[in-house]
Amino acid sequence: MQWTLVVPVKPLARAKSRLSDTADDGVRPGLALAFAQDTVAAALACPSVADVAVVTDDPRAGRELAKLGAGVVPDEPGGGLNAALAHGAATVRAARSESPVAALNADLPALRPTELARVLAAAAQFPRAFLPDAAGIGTTLLAVTAGRELAPAFGTDSRARHRASGAVELRLDAVHSVRQDVDTGDDLRTALALGVGPHTAAVAARLLIAGQ
């Protein structure tokens, strides 16, 4: 099964405010972009992924992620994360109605293609399924097979909300890179320990140098 992934990227200037203790205002946009670049590159390298649609209105993010091979869908609703994901999924389905679709967070800089393939293979067994984040509160991936609506419920307590909506929670071992999103400095340190992609590694190296 070949999946289309929908990856939302908010305007970089407003991204990752909770990383203010680790990266200042001048660094955070580049760090958020690096997370998205490593996430998209790893997703496109996954054998289970046919393509990636990035939903964003940020010109820099759209330009840089398109260079990696992602398609870019303008965030026309402008109504927040779930509206952007629903719009992205609808755009994908308008072109390929039978495509299975998964929403994937853009802040998975340690993402491994092989681990993502395991998650998508597990998700394919259910009409609608999700993977909780490493903290056990949020969601990093929500997947639906052909003919099913994504119905995203990301945001606060999204694990509980996706479960309440009827989505099957995927309980998998050894997929840490798919669960490790980055919102805080501690999250970033955990991702770095797992091993991040080259874009995040380069920005993180500059942060470490600046902090010495």
Side-chain angles (χ1 to χ4, degrees), residues 5-46 48-49 52 54 56 58 60-61 64-65 68 70 81 85 102-120 122-123 130-143 154-159 170-212:
L5 303 189
V6 179
V7 178
V9 178
K10 69 164 57 175
L12 297 176
R14 302 204 310 266
K16 297 300 163 191
S17 59
R18 291 171 60 192
L19 278 169
S20 59
D21 62 340
T22 304
D24 62 29
D25 292 348
V27 175
R28 281 199 309 276
L31 192 58
L33 175 59
F35 293 165
Q37 287 172 302
D38 287 330
T39 299
V40 167
L44 287 169
C46 176
S48 303
V49 174
V52 172
V54 172
T56 189
D58 189 286
R60 180 185 176 196
E64 295 302 321
L65 296 171
L68 297 175
L81 176 58
L85 287 170
L104 182 71
N105 286 11
D107 58 352
L108 301 169
L111 186 63
R112 302 284 188 273
T114 54
E115 293 185 12
L116 178 58
R118 286 191 60 219
V119 173
L120 292 173
F130 74 97
L131 185 73
D133 65 7
I137 298 170
T139 301
T140 58
L141 179 142
L142 174 67
F154 286 83
T156 305
D157 296 326
S158 66
R159 179 186 187 183
L170 300 175
R171 302 176 183 272
L172 300 172
D173 295 325
V175 291
H176 305 296
S177 75
V178 196
R179 299 185 64 196
Q180 188 56 62
D181 54 355
V182 177
D183 289 316
T184 67
D186 285 342
D187 293 338
L188 178 56
R189 285 183 279 276
T190 300
L192 289 169
L194 286 174
V196 297
H199 298 92
T200 302
V203 179
R206 292 198 294 274
L207 283 174
L208 293 173
I209 292 170
Q212 289 177 351

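No hydrogens, no waters, no symmetry mates; every other heavy atom, side chains included, goes into these values.
Side-chain contact between Val52 and Leu65 is absent, with no heavy-atom pair separated by less than 4.5 Å. Looking at Leu12 and Thr56, their side chains never come closer than 4.5 Å, going by heavy atoms from C-beta outward. Looking at heavy atoms from C-beta onward, Leu111 lies in side-chain contact with Leu104 at the 4.5 angstrom threshold. Residues Asp133 and Thr139 fail the side-chain proximity criterion, which asks for heavy atoms closer than 4.5 Å.
Of all non-hydrogen atoms in Leu5 and Ala43, the two that sit nearest each other are CD1-CB, 3.7 Å. Taking all atoms of both residues into account, the shortest heavy-atom contact from Ala106 to Val7 is CB-CG1, 3.6 Å. Closest non-hydrogen pair, Ala70 versus Val54, comes out as CB-CG2, 3.8 Å. Of all non-hydrogen atoms in Ala134 and Gln180, the two that sit nearest each other are CB-OE1, 3.5 Å. Taking both residues in full, the closest heavy atoms of Leu194 and Arg112 are given as O-NH2, 2.6 Å, listed atom of the first, atom of the second, then distance. Residues Ala204 and Leu192 share a closest heavy-atom pair of CB-CD2, 3.9 Å.
To the nearest 0.5 angstrom, Lys10 atom NZ is 10.0 Å from Asp107 atom CG. Taken to the nearest 0.5 Å, the CZ atom of Arg118 stands 10.0 Å off from the OG atom of Ser177. Distance CG/Leu141 to CG/Leu108: 9.0 Å, rounded to 0.5 Å. A distance of 9.0 Å separates CG in Leu81 from OG in Ser158, rounded to the nearest 0.5 Å. A distance of 9.5 Å separates CG of Leu142 from CG of Leu170, quoted to the nearest 0.5 Å. Cys46 SG to Glu115 CD: the interatomic distance, rounded to the nearest 0.5 Å, is 11.0 Å.
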Could you pull out every donor-acceptor pair under 3.5 Å between side chains of residues 28-36 and any protein atom, sequence neighbours left out?
residue: Arg28; atom: NE; partner: Lys16; partner atom: O; Å: 3.3
residue: Arg28; atom: NH1; partner: Ala23; partner atom: O; Å: 3.0
residue: Arg28; atom: NH1; partner: Asp25; partner atom: OD1; Å: 3.1
residue: Arg28; atom: NH2; partner: Asp25; partner atom: OD1; Å: 2.5

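Counting only residues at least two apart or in different chains, side chain to side chain donor-acceptor pair (under 3.5 Å) contacts with residues 33-42 comprise Asp38-His199, Asp38-Thr200.
With hydrogens and angles disregarded, no donor-acceptor distance shorter than 3.5 Å links the side chain of Thr140 to the backbone of Asn105. Judged by distance alone, with hydrogens and angles left aside, the side-chain atoms of Arg60 form no donor-acceptor pair with the main-chain N or O of Asp58 at under 3.5 Å.
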**Asked** Which is it for Val27 and Leu19 under the side-chain contact (heavy atoms from CB on, under 4.5 Å) test, yes or no, and what are the steps along the way?
**Response** CA-CA 10 Å; Val27 175; Leu19 278 169; over 6 Å; no
**Request:** Starting from the C-alpha separation in whole Å, work towards a yes-or-no answer on side-chain hydrogen bond (donor to acceptor under 3.5 Å, both in side chains) for Asp187 and Thr184.
**Result:** CA-CA 5 Å; Asp187 293 338; Thr184 67; 3.2 Å; yes
